[in-house]
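Count residues from 1 along the sequence. First listed ligand is number 1; within each ligand, the first listed atom is number 1. When reading the values below, keep in mind they use all heavy atoms of this one structure, side chains included, and skip hydrogens, waters and symmetry mates.
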Amino acid sequence: MDFKRLEQTLKNINSFSEAGEGINRLAYTDEERQAADEIGEICKKEGMSVKYDSVGNLIARREGTHPELPAVAFGSHIDSVYEAGAYDGTLGVAAAIEIIRSLNEAKIQTEHPLELIVFACEESARFSFSTLGSKAIAGLLKKEDIADLQDKDGIFLRDAFQKYKLHLDKFGEAKQRKGAYKAFFELHVEQGPVLEEKNIPIGIVTGIAGATRFQLNIEGEASHSGTTPMGYRKDAFLGAAEIALAIEKAAKAEKSVGTVATVGVCDVEPGAMNVIPGRVKMQVDIRGISEASKKMVIQKLFQSIKDTEEKRGLIIHHTRTNDQAPVVLSEEVIQELSKTCDENEYAYQLMPSGAGHDAMNMTNLCPVGLIFIPSEKGLSHNPKEYSSIEQIAPGATILKQEILKWAGVADRTADKIQSLP
Ligand code: HGY
Ligand code: MN
Ligand code: MN
């Protein structure tokens, strides 16, 4: 593979971004669609058939010598959070493109067809709903999940859909039947500190944390910040602060199993420094590999809501906006990936993923492999997110060899590749 070209592909995709700090390529925006169109053009030039499905996933197919066989799929997402880094999701897509290019240059034909997927709306940043594209492909999406989604500018998902000639009521057409895929692989930056700290080039993911999320609407009473004595206040922001600290404490108590809790959105209204906050909208994200541990944190969240209402005379409404169970990945794939790392003499670390990924939904259709490479200082969802090309190369190599193992090489040219049973 040509890793300089891979790096250039990354830069090319990242040239599509709204102004601002870092990468801003939110789901169903012009920037994301233009980047996806560019990827589609590259895939067409590489001889692939390219289409968008009914929720905007870009799917490029490279025929195998046996088109009737289930495809080996691989890919990731290119939509980003606000002020994102250049590698989250995009790396997996750029590596996938490089693999296709290198197969064409080496004139390697696979027995199974290959499908490169750029998933739509993986990030929850814009519509507070994550992995929409892969949920649709896996048949996990329900109309009620997406019917009323709205971003912080008041744009409804259905209107964003329409802009790209997508129709909410056709989301079901994206569902792939069981048996459509033999396996799915995703290459992704770790977004945590483990691989860098241990100086290990490859992470083989064993399980993916499930996120349970809540929207809290806290009602207090707006009043004059100068004339309202402290004892008379119904300060919605201080209520939010108590709850945020309570779930931090609850998650810290679950540290041994890696459960985490975050308040990433906290909108204080009416938002003037001389008005005591009358309303707060906050979003809570609780994740973990252990359902029991997540339940403990959720229980303490509910208790904190009740205590804060009583103590501060607030009214607090909460709705569960996401409830994803943790996912265990295929033992067979983990074994195979371990063997491929051994064959290439790359050290590897079996590890869980605290971040959600499209790979978790694809487990409903086929065996799934998720490969990590190190993130500098474990940073992600931050413009400083970085992985060097020297760290990317081993990940792309393992991804390519694994794909060829599962897809079978028609002309058996490569000596190290046996197609799997
Ligand atoms: O939020 C996440 O877990 C990831 O960025 N999709
Ligand atoms: Mn992300
Ligand atoms: Mn990601």
Side-chain angles (χ1 to χ4, degrees), residues 10 13-14 17 22-29 32 35-36 57 74-96 117-136 138 140 184-192 195 203 205 207-214 251 258-265 283-289 294 321-327 329 351-363 368-375 378-387 392 395 399:
L10 253 175
I13 296 171
N14 283 321
S17 166
I23 301 295
N24 294 278
R25 193 170 50 242
L26 275 295
Y28 301 114
T29 56
E32 193 224 5
N57 293 310
F74 48 103
S76 193
H77 63 96
I78 57 169
D79 68 301
S80 76
V81 295
Y82 297 97
E83 301 184 9
Y87 301 86
D88 176 359
T90 312
L91 166 72
V93 173
I117 306 176
V118 182
F119 293 102
C121 194
E122 191 274 348
E123 297 288 3
S124 51
R126 183 177 179 194
F127 290 106
S128 305
F129 189 85
S130 63
T131 65
L132 187 153
S134 50
K135 280 188 179 104
L140 299 172
F184 170 78
F185 298 99
E186 182 168 7
L187 176 65
H188 204 284
V189 285
E190 179 202 336
Q191 300 179 295
L195 294 177
V205 176
I208 305 176
T212 299
R213 293 168 167 160
F214 296 90
T259 304
V260 290
T262 313
V263 174
V265 175
Q283 292 182 2
V284 178
D285 173 293
I286 298 167
R287 307 194 191 200
I289 300 279
K294 268 173 61 178
T321 54
N322 188 62
D323 197 10
Q324 182 122 31
V327 163
L329 295 187
M351 59 195 292
S353 167
H357 296 283
D358 291 305
M360 62 208 295
N361 298 322
M362 295 302 280
T363 57
V368 164
L370 179 56
I371 306 161
F372 278 169
I373 60 152
S375 294
L379 259 187
S380 182
H381 287 188
N382 180 311
K384 294 200 194 89
E385 183 183 87
Y386 178 71
S387 298
I392 291 170
L399 176 65

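Once rounded to the nearest 0.5 Å, the distance linking CD of E190 with CG of L370 reads 11.0 Å.
Looking at H77 against ligand 1, nothing comes within 4.0 Å, counting heavy atoms.
For F74, the ring pair (Phe, Tyr, Trp, His ring centres under 6.0 Å) criterion is met by no residue, not counting sequence neighbours. For S380, the side chain to side chain contact (heavy atoms under 4.5 Å, CB included) partners at least two apart in sequence or on another chain are D88, Q191, E385. Applying the side chain to side chain contact (heavy atoms under 4.5 Å, CB included) criterion to N382, with sequence neighbours excluded, gives L379, K384.
Between R25 and D79 there is no salt bridge, since none of the side-chain N atoms of the basic residue sits less than 4.0 Å from a carboxylate O of the acidic one.
With a 6.0 Å cutoff to the six-membered ring centre and a 45° limit on the axis angle, K135 does not count as a cation-pi contact of F119.
Within the listing of ligand 1, atoms 3 (O) sit less than 4.0 angstrom from a heavy atom of A355. Near G356, meaning under 4.0 Å from one of its heavy atoms, ligand 1 places the atoms 2 (C), 3 (O), 4 (C), 6 (N). Within ligand 1, counting atoms from 1 as listed, the ones closer than 4.0 Å to a heavy atom of R213 are 1 (O).
Between the choices H381, H188, E123, R287, the shortest heavy-atom distance to atom 1 (O) of ligand 1 belongs to R287.
Across T363, L140, N361, I117, a single residue satisfies side chain to side chain contact (heavy atoms under 4.5 Å, CB included) together with S134, and that is N361.
D323 and T212 share a side-chain donor-acceptor pair at under 3.5 Å. Between the side chains of E186 and S76, at least one donor N or O sits under 3.5 Å from an acceptor N or O.
Scanning the protein for heavy atoms near atom 6 (N) of ligand 1, the closest one is E122 OE2, 2.6 Å.
The Mn ion (ligand 3) has H77 NE2, D88 OD1, H188 NE2 as protein N, O or S atoms under 2.8 Å away.
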